[in-house]
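Here is the structure we will look at, set down as structure tokens.
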Amino acid sequence: MEQEPVSRLVGVCKTFQGFNRETRVLKDIDFEIRPGELVLLLGPSGSGKSTFLTILAGLQAPTSGEVWLFGKELQTYTPATLQELRAAKLGFIFQTFHLIDALTALENILLVMKFTNTNERAATSRAKELLEQFGILYLKDAYPRTMSQGEKQRVAIARALANNAQLIIADEPTGSLATDQGMQIVLLLSNLAKKENRSIILTSHDQRIIPYADRVLFLQDGVLS
Ligand SMILES: Nc1ncnc2c1ncn2[C@@H]1O[C@H](COP(=O)(O)OP(=O)(O)O)[C@@H](O)[C@H]1O
Ligand SMILES: [Mg+2]
């Protein structure tokens with residue numbers, strides 16, 4: 001039996017009001033992603049990929065249309081429930097990393113597990129395991145300002161995976177990484193989707209990711225195809 005979509009968009013439009021004109025970034029988008037799927041979203045810069053992902057994650061509202069997450073329409077969740085849901089079931093890897101500057105790599109990862117009340121010893125061991133897996137255990141006690149872009153990106157990815165999220169949303173996760181590192185990350189995400197039945201949606205410019213994706217979508221002129 002086919003599993004329920006983890007996330008679904010129905011007729012989603014997004015328009016930004018500019019000073020004297022409006023930009024229609026998303027035009028009547030329908031989308032769904034199921035457990036175990038890795039979906040790749042390609043599109044030129046400025047085509048609305050980041051906007052699409054933030055709407056999918058409920059971080060910004062569409063101008064019109066429906067956004068469903070884990071079987072319910074977003075508007076039917078209370079803000080508190082939505083926040084809990086995001087903390088426990090959603091991993092977001094932002095294009096700009098969003099690491100907390102005052103915390104070390106280890107602490108950045110531990111923080112997201114605090115939101116789900118993970119026992120501290122289990123959390124520390126999980127965080128170290130992730131840092132090891134991404135080849136950055138040496139950054140355990142390092143602060144973001146001392147890290148390269150590629151290092152920050154790997155910490156951000158480790159953090160997004162800390163809570164065993166069901167849906168992982170990754171905005172150009174390989175953008176700041178050297179080619180082989182980028183491919184390693186994609187391979188790891190693809191294994192995660194297959195072995196642990198997670199749903200992963202990622203955006204990229206890199207055509208070499210195509211073979212790892214179950215589905216490839218193109219966003220252009222506000223239309224998904
Ligand atoms: N908050 C905003 N206000 C106004 N315009 C925005 C906003 N966010 C994005 N845009 C515009 O929407 C379009 C798509 O942006 P974005 O989703 O970042 O594209 P991509 O991630 O594909 O590069 C761009 O033209 C951008 O300038
Ligand atoms: Mg973007």
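Counting convention: from 1, in listed order, for ligands and their atoms alike. Keep in mind that this is a model prediction, so the values were computed, not measured.
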Determine yes or no for a side-chain-to-main-chain donor-acceptor pair under 3.5 angstrom, with Asn163 supplying the side chain and Ala88 the backbone. no
Can you find a protein heavy atom under 4.0 Å from atom 27 (O) of ligand 1? no
Any donor-acceptor pair under 3.5 Å from Arg34 side chain to Gln3 backbone: yes
What atoms of ligand 1 come closer than 4.0 angstrom to any heavy atom of Ser45? 23 (O)
Going by the closest heavy atom to atom 21 (O) of ligand 1, which one wins out of Gly222, Gly18, Ser50, Gly43? Ser50
After noting the C-alpha distance and the side-chain angles of Thr15 and Glu22, does the key distance pass the side chain to side chain donor-acceptor pair (under 3.5 Å) rule? CA-CA 7 Å; Thr15 303; Glu22 54 178 40; 5.0 Å; no
Short N or O distance, Lys49 and ligand 1, threshold 3.5 Å exclusive: yes
Just by distance, do the side chain of Thr118 and the backbone of Met113 share a donor-acceptor pair under 3.5 Å? yes
With a cut-off of 2.8 Å, strictly less than, protein N/O/S atoms near the Mg ion (ligand 2) add up to 2
Answer yes or no for Pro44: is there a heavy-atom contact with ligand 1 below 4.0 Å? yes
Given Asp171, Leu53, Thr51, Thr54, identify the one with the heavy atom nearest to atom 15 (O) of ligand 1. Thr51
Let me know which of Leu82, Thr81, Thr76 forms a side chain to side chain contact (heavy atoms under 4.5 Å, CB included) with Thr78. Thr81
Region of Val25 engaging ligand 1 - heavy atom pairs below 4.0 Å: side chain
For Glu172, does its backbone N or O pair with a side-chain atom of Thr203 as donor and acceptor, under 3.5 Å? yes
If we ignore hydrogens and angles and just use 3.5 Å, is the side chain of Lys49 paired with the main-chain N or O of Ser204 as donor and acceptor? no
Short side-chain to backbone donor-acceptor contact, Glu37 and Ala193, under 3.5 Å: no
Would you check whether Thr23 has a nitrogen or oxygen atom less than 3.5 angstrom from a nitrogen or oxygen atom of ligand 1? no
Considering only non-hydrogen protein atoms, determine which one is nearest to atom 8 (N) of ligand 1 and report residue, atom name and distance to 0.1 Å. Phe16 CZ, 3.4 Å
Polar-atom distance check: Gly48 versus ligand 1, any N or O pair below 3.5 Å? yes
Has the side chain of Lys14 got a donor or acceptor atom that lies under 3.5 Å from a matching backbone atom of Lys27? no
For Glu84 and Tyr77, what are the C-alpha separation, side-chain angles and deciding distance, and is it a side chain to side chain donor-acceptor pair (under 3.5 Å)? CA-CA 10 Å; Glu84 276 169 31; Tyr77 288 109; over 6 Å; no
When you look at Arg126 and Glu129, which way does the salt bridge (charged side-chain N to carboxylate O under 4.0 Å, His left out) test go after all the steps? CA-CA 5 Å; Arg126 168 90 180 133; Glu129 182 189 306; 3.4 Å; yes
Among all protein heavy atoms in this structure, tell me which lies nearest to atom 25 (O) of ligand 1, with the distance rounded to 0.1 Å. Gly46 O, 4.0 Å
Test item: protein heavy atom less than 4.0 Å from atom 2 (C) of ligand 1: yes
Nearest-0.5 Å distance, CG of residue Leu90 to CZ of residue Phe70: 5.5 Å
